[in-house]
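Reminder, nothing fancy here: chain letters follow the sequence lines and each chain counts from 1.
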2 protein chains.
Amino acid sequence: MTPTGRKPDEGERYRTILETAARLICERGYEGTSMQEIAAACRMTKAGLYHHIQNKEQLLFAIMNYGMDVFEEQVLAPVQDVVDPVERLRQCMRHNIHLVTSGRSKEVIIILHEHATLTGEPREFIDRRKKRYVRFLEDAFADASRQGLLPGVDPTVAAFSFLGMVLWVYKWFKPDGRLTEEQIADGMVAMILPGLSTPAASTTDANASAPLRMVPRAASGEEPQ
Amino acid sequence: MTPTGRKPDEGERYRTILETAARLICERGYEGTSMQEIAAACRMTKAGLYHHIQNKEQLLFAIMNYGMDVFEEQVLAPVQDVVDPVERLRQCMRHNIHLVTSGRSKEVIIILHEHATLTGEPREFIDRRKKRYVRFLEDAFADASRQGLLPGVDPTVAAFSFLGMVLWVYKWFKPDGRLTEEQIADGMVAMILPGLSTPAASTTDANASAPLRMVPRAASGEEPQ
DNA sequence: CACTGCCTACCGACCGGTAGGTAGCACTGG
DNA sequence: CCAGTGCTACCTACCGGTCGGTAGGCAGTG
């Protein structure tokens with residue numbers, strides 16, 4: 001095929017399998033989705049699917065790792081160099097809410113929902129990756145608290161409160177509902193990260209410390225539904 | 001039955017079935033728990049179990065309704081007559097966190113986790129019961145906002161933020177971990193419900209309006225696992 | 001006798017997973 | 001140029017086991 005050496009697949013096929021499986025598992029749950037259904041959705045037979053993966057559990061593990069990759073790239077990486085801890089948390093919150101509401105990454109939703117499905121070493125591996133995010137938030141809250149920018153709440157409680165608010169969104173958000181992603185982000189930022197009174201749109205006014213690293217993300221896809 | 005009224009069971013057997021099934025489903029998920037396992041845990045055969053219930057879905061529905069009953073009795077009822085909206089939210093938050101952390105009501109955890117498992121009319125029925133709680137919180141936040149006691153965030157966003165913080169706890173709380181239920185409650189109250197600086201222990205100081213209705217529940221079981 | 005509460009024994013469907021075969025391609029030696 | 005070899009990407013057919021659910025019986029109690 002294509003003598004210049006392209007080879008169209010090279011793991012690309014594998015990634016579409018992960019995405020297809022993620023879509024189904026996100027809709028019906030891990031235990032509620034059969035390998036048969038996943039194979040059919042990939043337009044394959046079950047045996048064909050098993051040519052690419054080892055077993056169902058490893059498939060879930062791969063999906064979750066893929067989801068963690070996406071998360072770290074879209075939420076963590078863009079903000080980790082922001083100097084002001086409160087601004088860091090604000091931007092982080094916005095990115096995280098966007099990730100959950102955009103509905104583009106079913107893998108992330110699966111990580112959230114199937115938090116107790118994996119066991120043993122794979123479970124611990126994913127938990128370690130999650131824990132890194134918790135630590136990141138704890139540090140930011142501790143920083144902010146030390147600088148007197150936020151009331152001194154236990155950083156762990158603060159971090160999990162942040163996470164709860166933001167991640168719970170996947171349970172109730174409707175893309176065509178009354179609330180837009182921006183309204184939710186603005187509201188939640190206002191609730192636990194005081195500061196700027198008009199936080200949306202022009203984020204360029206307040207962060208005197210880290211004017212770089214502003215995310216371009218907006219303006220792309222994101223149709224209602 | 002039995003005109004003198006005794007009849008040892010009278011639905012008591014049914015309730016222990018619900019509780020046993022809830023324990024298993026809470027641990028392994030709805031789809032991951034077989035009727036065989038539930039029957040065995042009730043020290044019955046599967047056919048024996050089916051003598052008491054109609055089918056698996058109806059069993060889940062019954063568990064969820066039972067959970068909503070417990071929730072309304074332990075969280076909603078004790079606080080709904082508190083006049084000050086912020087104090088109402090504070091007490092509500094504490095009761096709700098207690099319900100989730102005490103681990104006594106697996107049914108409530110199932111309601112949280114299996115939010116998309118039921119379909120059709122049963123699903124809508126449970127959703128309607130949940131919606132009542134959301135409305136209760138929205139009203140409280142709107143009240144507080146109108147009285148200038150809280151910053152004016154959209155009441156729906158505020159309500160779901162409250163819920164996210166509080167309910168997400170089921171995903172990470174460890175009874176024998178560093179954080180106690182009280183520390184979590186104090187921290188979360190401090191984060192979104194400003195006011196009293198030492199809020200724990202004596203809840204008798206703030207509610208000038210409804211000194212009754214305080215729950216006795218405490219002091220019983222609740223070992224650190 | 002009727003009824004409750006539970007049993008044994010079984011149903012068809014489906015589960016995750018595999019054995020073994022094959023079509024199509026790239027590469028090689030002659 | 002082309003047969004042979006090896007490999008990838010699938011397939012059909014099947015495995016033992018389990019799923020949710022049921023028919024029908026039977027012992028105990030009123």
Side-chain angles (χ1 to χ4, degrees), chain A residues 1-22 24-25 27-64 110 114 117-120 122-123, chain B residues 1-22 24-25 27-64 110 114 117-120 122-123:
Chain A
M1 64 192 58
T2 59
T4 58
R6 248 243 307 295
K7 182 105 182 275
D9 287 341
E10 184 77 19
E12 187 190 322
R13 188 97 182 77
Y14 182 68
R15 218 179 55 242
T16 71
I17 288 176
L18 288 195
E19 280 163 9
T20 305
L24 286 186
I25 292 175
E27 284 167 12
R28 308 131 117 98
Y30 173 75
E31 306 273 8
T33 310
S34 73
M35 297 303 278
Q36 190 74 255
E37 292 170 317
I38 293 172
C42 296
R43 267 164 302 189
M44 264 191 244
T45 60
K46 203 170 33 153
L49 173 62
Y50 269 97
H51 175 74
H52 296 275
I53 66 165
Q54 293 159 37
N55 53 50
K56 198 184 183 185
E57 190 182 349
Q58 188 273 341
L59 173 63
L60 178 60
F61 180 61
I63 288 172
M64 286 186 170
I110 291 174
E114 307 287 350
T117 306
L118 287 178
T119 57
R123 159 87 167 266
Chain B
M1 213 141 298
T2 62
T4 59
R6 241 247 309 294
K7 179 91 180 288
D9 288 338
E10 183 78 18
E12 187 188 323
R13 187 97 181 80
Y14 182 69
R15 214 177 59 241
T16 72
I17 288 176
L18 288 195
E19 280 163 8
T20 305
L24 286 186
I25 292 175
E27 285 167 12
R28 308 133 118 98
Y30 172 75
E31 306 273 8
T33 310
S34 73
M35 298 304 280
Q36 190 75 256
E37 292 170 317
I38 293 171
C42 296
R43 268 165 300 190
M44 262 190 245
T45 60
K46 203 167 38 150
L49 172 62
Y50 269 96
H51 176 72
H52 297 275
I53 66 166
Q54 293 159 37
N55 55 48
K56 198 183 183 187
E57 190 182 349
Q58 187 275 340
L59 172 63
L60 177 61
F61 180 60
I63 288 172
M64 286 186 171
I110 291 173
E114 308 287 351
T117 306
L118 287 178
T119 57
R123 159 88 167 267

Of the listed nucleotides dT12(D), dC10(D), dG20(D), the one nearest the side chain of His52(A): dC10(D)

Nearest to side-chain heavy atoms of Lys46(A), which nucleotide of dC7(C), dG17(C), dG21(D): dG17(C)

Nearest-neighbour nucleotide for the Gln36(B) side chain, dC19(D), dA9(C), dG21(D) considered: dC19(D)

Thr45(A) side-chain N/O to dC10(D) phosphate OP1/OP2 under 4.0 Å: no

Spatial distance of atom CD (Gln36(A)) from atom NZ (Lys46(A)) [nearest 0.5 Å]: 5.5 Å

Nearest-Å distance for atom pair CG/P, residues Leu60(B) and dG20(D): 13 Å

Nucleotide of dT8(C), dT4(C), dG16(C) approaching His51(B) most closely (side-chain heavy atoms): dT4(C)

Base dG21(D) to side chain Lys56(B), donor-acceptor N/O within 3.5 Å cut-off: no

OP1 or OP2 of dC19(D) under 4.0 Å from side-chain N/O of Ser34(B): yes

Below 4.0 Å: OP1/OP2 of dT22(D) and any side-chain N or O of Tyr50(B): no

Glu37(A) side chain vs Ser34(A) backbone, donor-acceptor pair below 3.5 Å: yes

Side chains of Thr119(B) and Glu57(B) in contact at under 4.5 Å (non-hydrogen atoms): yes

Short side-chain N/O contact from Arg13(B) to OP1 or OP2 of dT4(C), under 4.0 Å: no

Glu31(A) side chain reached by Tyr30(B) side chain, heavy atoms, under 4.5 Å: no

